[in-house]
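Reviewing the structure listed below.
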Amino acid sequence: MLELADVHVRYGHVEAVSGVDLKVEPGTVSLVLGPNGAGKSTTLKAVAGLVPLSSGSIGLDDEPLSGLPPHRVVRRGVALVPEGRRVFAPLTIEENLRLGGYTAPRAKVRETLARVYEMFPILNDRRASAAGLLSGGEQQMLAFGRALMSEPKIVLLDEPSMGLAPTVVDTIIEKIVLMAESGIGILMVEQNTEAGLDIASEVRVMNRGQVVFAGPAEQVRTDASVLHAFLGDA
Ligand code: ATP
């Protein structure tokens, strides 16, 4: 289980994350909603070791993660799928995937690659194509596949629905469910309130660095006024 306890992150004088607590259980999806600038991405970056905590702690299965450099966080089992996907456009799909497996032994990479191709047949069909030629939805799947190459226990998703048409978002959501069903804990950040609500078990709403609502997704689904109260028109 991933656990954040009273996490604070500062950029100079700005406190971007102010006392965030959350847990992600294996095989579940936790959703963090909130408007632009709420501190969602910074929370994910803190878990991934990309920004230091000013206080608080992050742990995975009761071992501390905070303070480790990003490559060691990956080795411990936490993979980030960044906002905007950031695939390497000139490289092929397979090259992109292999980069995601850089922390794993060679024999293992072959096995994991086969599993990723099974989960994302579209990547298998186009394994020798340049990643830059893929559509936005396909690039998102490639970014998921690249994260899976490190055999993570936890996957961090930063706005996976961003810029995608609703039907493509549905496909992406199906893939997120598959990842969770394989036992991975998913921490997903979204500005889009609809995306992910149906598959999440826990929801957090962030505003100005703080968690202003925390509760089961069920409560949000059955009582939309909860979200309106915290998100306004966002
Ligand atoms: P978005 O959806 O726009 O990414 P967010 O909820 O993910 O929003 P963050 O990107 O985490 O929010 O930003 C939280 C706050 O930290 C904002 O006030 C933002 O301006 C600030 N911030 C983010 N990155 C930096 C940085 N590298 N340097 C300084 N301030 C930053």
Side-chain angles (χ1 to χ4, degrees), residues 2-24 29-58 65-71 73-74 78-87 136-137 139-140 143-144 146-147 152 154-166 168-169 172-173 176 185-200 202-215 217 220 226-234:
L2 177 72
E3 196 162 0
L4 281 70
D6 197 21
V7 166
H8 292 252
V9 180
R10 303 186 142 274
Y11 294 115
H13 293 300
V14 179
E15 188 161 73
V17 175
S18 309
V20 167
D21 294 300
L22 64 84
K23 290 179 185 171
V24 183
V29 178
S30 289
L31 181 62
V32 179
L33 297 169
N36 221 305
K40 307 180 302 295
S41 295
T42 302
T43 302
L44 294 191
K45 285 180 188 160
V47 177
L50 294 168
V51 294
L53 307 194
S54 51
S55 63
S57 65
I58 301 175
L65 272 189
S66 27
L68 296 180
H71 68 277
V73 174
V74 173
V78 179
L80 171 69
V81 178
E83 188 175 324
R85 353 233 200 252
R86 312 252 181 90
V87 300
Q139 288 192 8
Q140 187 63 67
F144 286 179
R146 186 178 56 188
I154 300 285
V155 170
L156 312 171
L157 302 178
D158 198 348
E159 306 232 14
S161 80
M162 196 170 67
L164 301 179
V168 181
V169 172
I172 292 298
I173 294 289
I176 296 172
I186 310 273
L187 179 57
M188 174 174 170
V189 150
E190 271 293 346
Q191 263 191 67
N192 174 355
T193 307
E194 298 304 319
L197 203 50
D198 288 342
I199 61 167
E202 288 290 320
V203 176
R204 300 277 178 285
V205 180
M206 283 185 76
N207 207 344
R208 298 180 187 206
Q210 294 181 325
V211 174
V212 292
F213 168 83
V220 181
V226 168
L227 269 193
H228 283 291
F230 293 105
L231 282 173
D233 294 328

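Computed from a predicted structure; not experimentally measured. First listed ligand is number 1; within each ligand, the first listed atom is number 1.
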* Got a donor-acceptor contact below 3.5 angstrom from the Glu15 side chain to the His8 backbone? -> no
* Any idea which heavy atoms bring Glu83 and Ser41 closest together, and the distance? -> OE1-OG, 3.3 Å
* Is atom 30 (N) of ligand 1 less than 4.0 angstrom from at least one protein heavy atom? -> yes
* Structure fact -> Of all protein heavy atoms, the one nearest atom 19 (C) of ligand 1 is Gly37 CA, 4.9 Å
* Determine if the distance from atom 17 (C) of ligand 1 to the closest protein heavy atom is below 4.0 Å. => yes
* Structure fact -> re atom 12 (O) of ligand 1, the protein heavy-atom contact at minimum distance is Gly39 N, 3.0 Å
* To do: Report yes if the side chains of Leu4 and Val47 come closer than 4.5 Å at any heavy-atom pair, otherwise no.
  => yes
* Asked: Got an N/O contact under 3.5 Å between Ala16 and ligand 1?
  -> no
* Structure fact -> When Leu22, Leu31, Val212 are each screened for side chain to side chain contact (heavy atoms under 4.5 Å, CB included) with Arg204, the one that passes is Leu22
* To the nearest 0.1 Å, how far is atom 9 (P) of ligand 1 from its closest protein heavy atom, and which atom is that? -> Thr42 OG1, 3.5 Å
* Asked: With only distance considered, is Thr43 within less than 3.5 Å of ligand 1 through an N or O on each side?
  -> no
* Asked: Taking the side chain from Ser66 and the backbone from Ile58, do they hold a donor-acceptor pair closer than 3.5 Å?
  -> yes
* Do you know the tightest heavy-atom contact between Leu44 and Leu187? -> CD2-CD2, 3.7 Å
* Identify, for atom 27 (N) of ligand 1, the protein heavy atom at the shortest distance, and state residue, atom and that distance. => Tyr11 CE2, 3.8 Å
* Asked: So do Leu80 and Arg86 actually touch side chain to side chain, heavy atoms under 4.5 Å?
  -> no
* Asked: Does a side-chain heavy-atom distance below 4.5 Å link Ile172 with Phe144?
  -> yes
* Under 4.0 Å from any heavy atom of Pro35, which atoms of ligand 1 are there? -> 6 (O)
* Structure fact -> Within the 4.0 Å heavy-atom cut-off, what Lys45 brings close to ligand 1 is neither
* Determine, using heavy atoms of Glu159 and all atoms of ligand 1, whether some pair is separated by less than 4.0 Å. => yes
* Atom indices of ligand 1, in the order listed, that fall short of 4.0 Å to a heavy atom of Glu83 -> 4 (O)
* Are the side chains of Met162 and Gln191 in touch, meaning some heavy atoms are under 4.5 Å apart? -> no
* Structure fact -> Out of Ser41, Ala46, Gly84, the nearest non-hydrogen contact to atom 7 (O) of ligand 1 is supplied by Ser41
* Structure fact -> protein heavy-atom neighbour closest to atom 3 (O) of ligand 1 works out as Asn36 OD1, 2.5 Å
